[in-house]
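One structure below.
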Amino acid sequence: MIRVLLVDDQALIRAGFRALLAAEDDITVIGDAADGATGVSLARQHRPDVVLLDVQMPVMDGIEATRQIASDPALADVHVVILTNYGFDEYVFNALRAGASGFLVKDTEPADLLTAVRVAARGDALLSPAITRRLISEFVTRTPQPGPVVGLDDLTNREKEVMALVAKGLTNDEIAARMVISPTTAKTHVSRAMTKLGARDRAQLVVFAYESGLVRVS
């Protein structure tokens, strides 16, 4: 059973999402909150698999709530999915940098919402190659100078190569084909790179790759 926490300051949004999710046999909503501070408290109390979290809320916004959840070792298995009205924007990028696993537009199709919850619960990032490329072109290029990323020097050359391919939006299967290795080996390299860098998922790995200067926009 996938346990979901809803955090949004609009009661109608919470009610609609709750009704949709509760109708599924493999998903249960364990609580909801109208602000980020209460959401973080409930996440610590219930340790859900997925938190659907609005960006702009009173008391504490979604970015800070994401940061607090992602930095809490006790919540390492909690995956944050950002909810936004506007699609990919700077708020979303900052949330990904803070540790979110991906994002959804609030008017997304119901089937896509359910898929996103299941993907996030597995620990996979909600970033398609197209979204990854958009992230790179719209936001990462604004970083004036690369900065240090803790753990980058601990990566093997193979792990850095894999990380660079992840940052370009390639899937594990595509990485395997490019490097002439098995998909399992590609996944292992990705997992090791994430562990050494403290990245929660592929989304944060992409951010680290560009912010460190390991990969540059051509």
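Just so it is clear, the structure is predicted and the values come from calculations on it, not from any experiment.
Separating the CZ atom in R47 from the CG atom in L42 is a distance of 13.5 Å, to the nearest 0.5 Å. Distance check: K160 NZ to D154 CG gives 9.0 Å after rounding to the nearest 0.5 Å. For the atom pair CG of D8 and NZ of K106, the computed distance is 3.5 Å after rounding to the nearest 0.5 Å. From T108, atom OG1 reaches atom CZ of F103 across 10.0 Å, with rounding to the nearest 0.5 Å.
Residues L20 and L114 meet the side-chain proximity criterion, which asks for heavy atoms closer than 4.5 Å. Using a 4.5 Å heavy-atom cutoff, the side chains of L21 and L6 are in contact. Residues D112 and L104 have side chains not in contact (no heavy-atom distance under 4.5 Å, counting atoms from C-beta outward). Taking the side chain as every heavy atom from C-beta outward, T156 and R192 never approach each other to under 4.5 Å. Contact annotation: the side chain of E174 never approaches that of R178 to less than 4.5 Å [non-hydrogen atoms, C-beta and beyond]. Using a 4.5 Å heavy-atom cutoff, the side chains of M179 and R158 are in contact.
Counted within 6.0 Å of CG on D77, heavy atoms from surrounding residues, nucleotides or ligands total 12 or fewer; the atom is thus considered open.
Closest of all the heavy-atom pairs between M163 and L152 is SD-CD1, 4.3 Å. What you find for A167 and V206 is that their closest heavy atoms are CA-CG2, 4.0 Å. Taking each heavy atom of P48 and V78 in turn, the nearest pair found is O-CG2, 3.2 Å. Closest of all the heavy-atom pairs between M1 and D25 is CE-O, 3.2 Å. Here the closest non-hydrogen pair linking L5 and A43 is CD2-N, 3.8 Å. When all heavy atoms are compared, the tightest approach of R118 to I2 is CG-CD1, 3.8 Å.
Listed for the R67 side chain is no donor-acceptor partner under 3.5 Å among the backbone atoms of A98. D35 contributes no side-chain N or O that, together with a main-chain N or O of M57, makes up a donor-acceptor pair within less than 3.5 Å.
By the 4.0 Å N-to-carboxylate-O rule, D32 lies close enough to R14 to be salt-bridged with it.
When the options V40, N94, L53, D61 are evaluated for a side-chain contact (heavy atoms from CB on, under 4.5 Å) with T66, the one that passes is L53.
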